There are 4 protein chains.
Amino acid sequence: MAYKSTTKDAGKVPEKILQTAINVFAAKGFGGARVDEIAKDAGVNKASIYYHIGDKEALYKEVLNRVFAGAAQAADDNISSGKPVEEKLKGHIRSVIKNAVSIENFAPLLMREVASGGENMPREALAQMGRVIQALKEIVDEGVKKGEFREVNLFALHIMVIGGLNFYIAGKNIRKQVAGKMDGKTASMALLPVEEMTEEVAKIALSALKKPDTTPRHITQKNSNIDMEID
Amino acid sequence: MAYKSTTKDAGKVPEKILQTAINVFAAKGFGGARVDEIAKDAGVNKASIYYHIGDKEALYKEVLNRVFAGAAQAADDNISSGKPVEEKLKGHIRSVIKNAVSIENFAPLLMREVASGGENMPREALAQMGRVIQALKEIVDEGVKKGEFREVNLFALHIMVIGGLNFYIAGKNIRKQVAGKMDGKTASMALLPVEEMTEEVAKIALSALKKPDTTPRHITQKNSNIDMEID
Amino acid sequence: MAYKSTTKDAGKVPEKILQTAINVFAAKGFGGARVDEIAKDAGVNKASIYYHIGDKEALYKEVLNRVFAGAAQAADDNISSGKPVEEKLKGHIRSVIKNAVSIENFAPLLMREVASGGENMPREALAQMGRVIQALKEIVDEGVKKGEFREVNLFALHIMVIGGLNFYIAGKNIRKQVAGKMDGKTASMALLPVEEMTEEVAKIALSALKKPDTTPRHITQKNSNIDMEID
Amino acid sequence: MAYKSTTKDAGKVPEKILQTAINVFAAKGFGGARVDEIAKDAGVNKASIYYHIGDKEALYKEVLNRVFAGAAQAADDNISSGKPVEEKLKGHIRSVIKNAVSIENFAPLLMREVASGGENMPREALAQMGRVIQALKEIVDEGVKKGEFREVNLFALHIMVIGGLNFYIAGKNIRKQVAGKMDGKTASMALLPVEEMTEEVAKIALSALKKPDTTPRHITQKNSNIDMEID
DNA sequence: AATGAATGAGGTTTCATTCAT
DNA sequence: AATGAATGAAACCTCATTCAT
């Protein structure tokens, strides 16, 4: 039973419940989350949750829908920008991650869902995941057609970017602990703010995608064809 | 019906419990796992778990230790091989993932732990994570020193590889569902066996790392063919 | 969607509530009935029930009063008819059952009340029950005085008729299931319409009451034919 | 999940739970009964009920099975006695009611089940109900064949006896209240012990069944045939 | 008169853990 | 070592009732 948000009060109580539920589910997982805790944290009576939204499972699905809603939109918006491909690729990564970060605890939620085999993923949320991949595909295709990108396994690139960065975001605590045992320089690479790490990841992705600069080095030009065959 | 210890598997009860616990914790998470289920699946009496191992939390920690034990060893073994850097890099990725795959449900366990902020990670397991990163660092450093690799953010590379591939492994179910809505060619990229996807990821990692070939091309040309065969 | 009182059925809301409550209480019992369900089925807001009638118990008492109100009246009406005793006896049974049937779900309500020891029976409803027995007593007394009936335990007759027929009516579902396992002829006796079963019961009651014919047989022979026409 | 009674301790705890559950369900109905109350009255931990028997519904079904188990057996035993039909008929009624009375609260349980449409009746219990009717049929058939009984609607007779007497038993409280308002003689008929009322009912049933004495009145012999047709 | 929302109390069920054997 | 049984605590959910509008 989905809650009805009215234009008037923007669904004050359901909104509060949902926001709280996102955090609790992300922190504890579905099995570990307690409806009691969500109610208490949201400052509403437990029965209100059932009145407005439904049972624990319905609440969780609502949370997932809410949480994945922005990602696809962000990816779509980026595509329709008229930027050059290389910028589009960076923009894709930035916008998807920006969305993820903007929703507190998006990353752990995603990871738990993936870990559980997507048992609770509403079909809507799955479709949105697909749209993000589709957006990446369009960018890479465009780059390849323009001769700027080489062909790569799209999905490999996708999981490295999305999986990697969400790992990074969700794993903040673990990173800190692991970094504590590494030398300063290495540790500093593990403790970058998300925005900077996003740029690092984007850089690596681009390095992998871009054809070795063809224009200036007329000597290596022929060799680049060999590279293509190798990859 | 009930688990009976024979002379053959005498003393193996903890082993059976542990193996079962790995699967149940991976599938349901700590909060969602049921001691009852673990006991039933393991074919032992519930009280046996408490007798042999301890409470639910102790069991979980035992599971994490067990599961992370192999990863560091695999990474270390790879480093001490005398192979060329490029091969070492590939070997690193392959061996770490091979270990992950060899333990059924390693991936979801790791992802849940990361998602929960490593609340239950024993210090030992954290140290092993650090060793894996250290191993990657040694490889990259070697490559940079030899002029074959450019400098990249080590940790970015690490999470892209580890995060990405564990995402891929754990997300099998979700992938299938998402792939079902994509065009055939794109879908096929999302449905590769883990081993092949590992190679794709390794390839992308290498593309990002390798300096655009500076040495005379005609010499390395033959070697590149060897690479192709290997992949 | 919600129940809206129009000028036409103004003041009809309590009526709607009561009618619905009869059905729900009959189907589920007091403990099993839900105020929510009554409100929904009646098409009114739950708070309306409290506004118009009162709490659940008050509603239930109202239902009992309503439901038993007609029975006594029907029995009284039958007595003051000038018919011969034998006809009066049949008329008694017919009218009481006719009333029971006319109120959907009268039978299960009565049975649940009896089963619960009449915990909720309002004193008024109890008085009405008494009047039905009193009516039967007057008929039997008249028959005995006229030498047509033998003396029987009045109350035994009463419960056999009322208990039996309400059992029959309320037990429709069970009868169907039990009859499914009996031979065709026996089953058909268990599946008569209530009106026909009422006649069967009346016939048995009369057989038990009527004195074995003492008057010269050849005189009454014709009357027996009249009976046939009546039945 | 049915409990397993062992020969050793005769299922001490489950037995206690069941006996208590019979009383509570009979007194309050399924919806009104509280698992808490059953546990408390039985002197066991609430969770024990779930461990030994299952959830509330399973417990209720177990209760119904238990409660209906004896009735069919009693009816069957009576049939195989070599007594004359008239005695058999009385014996049938006596034995079935004796069983009903021997299980405290059988009557209200039966009535509630009938009232609810037999929603929870296990198929086994339904079969036992059928056997009771079958037993009655055999008695009546024997009487008819021997020329001692007239043909009547078997099912009508059955419900009058079973419905009536269970009404009587379950309605003890209500009877007292109603009788309080009746004249002494009538009231006394409503307050007989069950055994005596059983005899009254048996008497009425026999009056209805028995052919008007055929032997002495050789004149009416032909007319009796007419009676048969009429009834 | 009507209604959406709120809520305390209590209902059923589950679960990790312990006990007795 | 092993196990059936027991159990307190708490989890999820429901419901009759009331409140504010």
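Side-chain atoms are counted along with the backbone in the values below, which use heavy atoms only and exclude waters and symmetry mates. Source: prediction; values computed, not measured.
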Inset, instruction - Give a yes or no on whether a donor-acceptor pair under 3.5 Å exists between the nucleobase atoms of dT13(E), that is its base, and the side chain of Lys46(D). - result: yes
Inset, instruction - Find the distance between CG (Asn173(B)) and CD (Glu113(A)) and round it off to the nearest 0.5 Å. - result: 11.0 Å
Inset, instruction - Could you please name the option among dT3(E), dC13(F), dA6(E) that lies closest to any side-chain atom of Ser48(A)? - result: dA6(E)
Inset, instruction - Consider the side chain of Tyr51(C), meaning its heavy atoms from C-beta on, and name the nucleotide among dT13(E), dT18(E), dA1(E) that approaches it most closely. - result: dA1(E)
What is the distance, to the nearest angstrom, from the [atom1] atom on [X] to the [atom2] atom on [N]?
{"X": "Tyr50(C)", "N": "dT18(F)", "atom1": "OH", "atom2": "P", "value": "7 Å"}
{"X": "Ile49(C)", "N": "dA16(F)", "atom1": "CD1", "atom2": "P", "value": "10 Å"}
{"X": "Ile53(B)", "N": "dA2(F)", "atom1": "CD1", "atom2": "P", "value": "12 Å"}
{"X": "Lys56(B)", "N": "dT18(E)", "atom1": "NZ", "atom2": "P", "value": "14 Å"}
{"X": "Lys16(C)", "N": "dA1(E)", "atom1": "NZ", "atom2": "C1'", "value": "17 Å"}
{"X": "Lys12(A)", "N": "dA6(E)", "atom1": "NZ", "atom2": "P", "value": "12 Å"}
{"X": "Ile17(A)", "N": "dC12(F)", "atom1": "CD1", "atom2": "P", "value": "15 Å"}

Inset, instruction - Decide if atom NZ of Lys61(B) counts as having more than 12 heavy atoms of other residues, nucleotides or ligands within a radius under 6.0 Å. - result: yes
Inset, instruction - Specify the residue among Asp55(B) and Glu57(D) whose closest nucleotide of DNA chain E lies further upstream toward the 5′ end. - result: Glu57(D)
Just wondering, do [Y] and [X] contact through their side chains at under 4.5 Å, heavy atoms?
{"X": "Val67(A)", "Y": "Leu110(A)", "value": "no"}
{"X": "Leu18(D)", "Y": "Leu59(D)", "value": "yes"}
{"X": "Lys46(B)", "Y": "Asp36(B)", "value": "yes"}
{"X": "Leu109(A)", "Y": "Tyr60(A)", "value": "yes"}

Inset, instruction - Return yes if some donor-acceptor pair links the side-chain N/O of Lys56(C) with the main-chain N/O of Ala33(C) below 3.5 Å, else return no. - result: yes
Inset, instruction - Could you tell me whether a side-chain N or O of Arg112(D) sits under 3.5 Å from a main-chain N or O of Ala27(D), the two making a donor and an acceptor? - result: yes
Legend entry - N or O in side chain of Asn45(C) less than 4.0 angstrom from dA1(E) OP1/OP2: no
Inset, instruction - Using only side-chain N and O atoms of His52(D), determine if any of them is under 4.0 Å from OP1 or OP2 of dG4(F). - result: no
Legend entry - Interface residues of residues 25-44 of chain D with DNA chain E (non-hydrogen, below 4.0 angstrom): Ala33(D), Arg34(D), Val35(D), Asp36(D)
Legend entry - Secondary-structure stems for DNA chain E, with pairs counted as Watson-Crick or G-U when both distances are under 3.5 Å and runs at least 3 long: E:2-21 with F:2-21
Inset, instruction - For Gly54(C) and for Ala47(B), find the nucleotide of DNA chain F with the closest heavy atom, then tell me which residue's nucleotide is more 5'. - result: Ala47(B)
Inset, instruction - Before accepting this row, confirm whether a basic side-chain N of the pair Arg66(D)/Glu15(D) lies closer than 4.0 Å to the acidic partner's carboxylate O. - result: yes
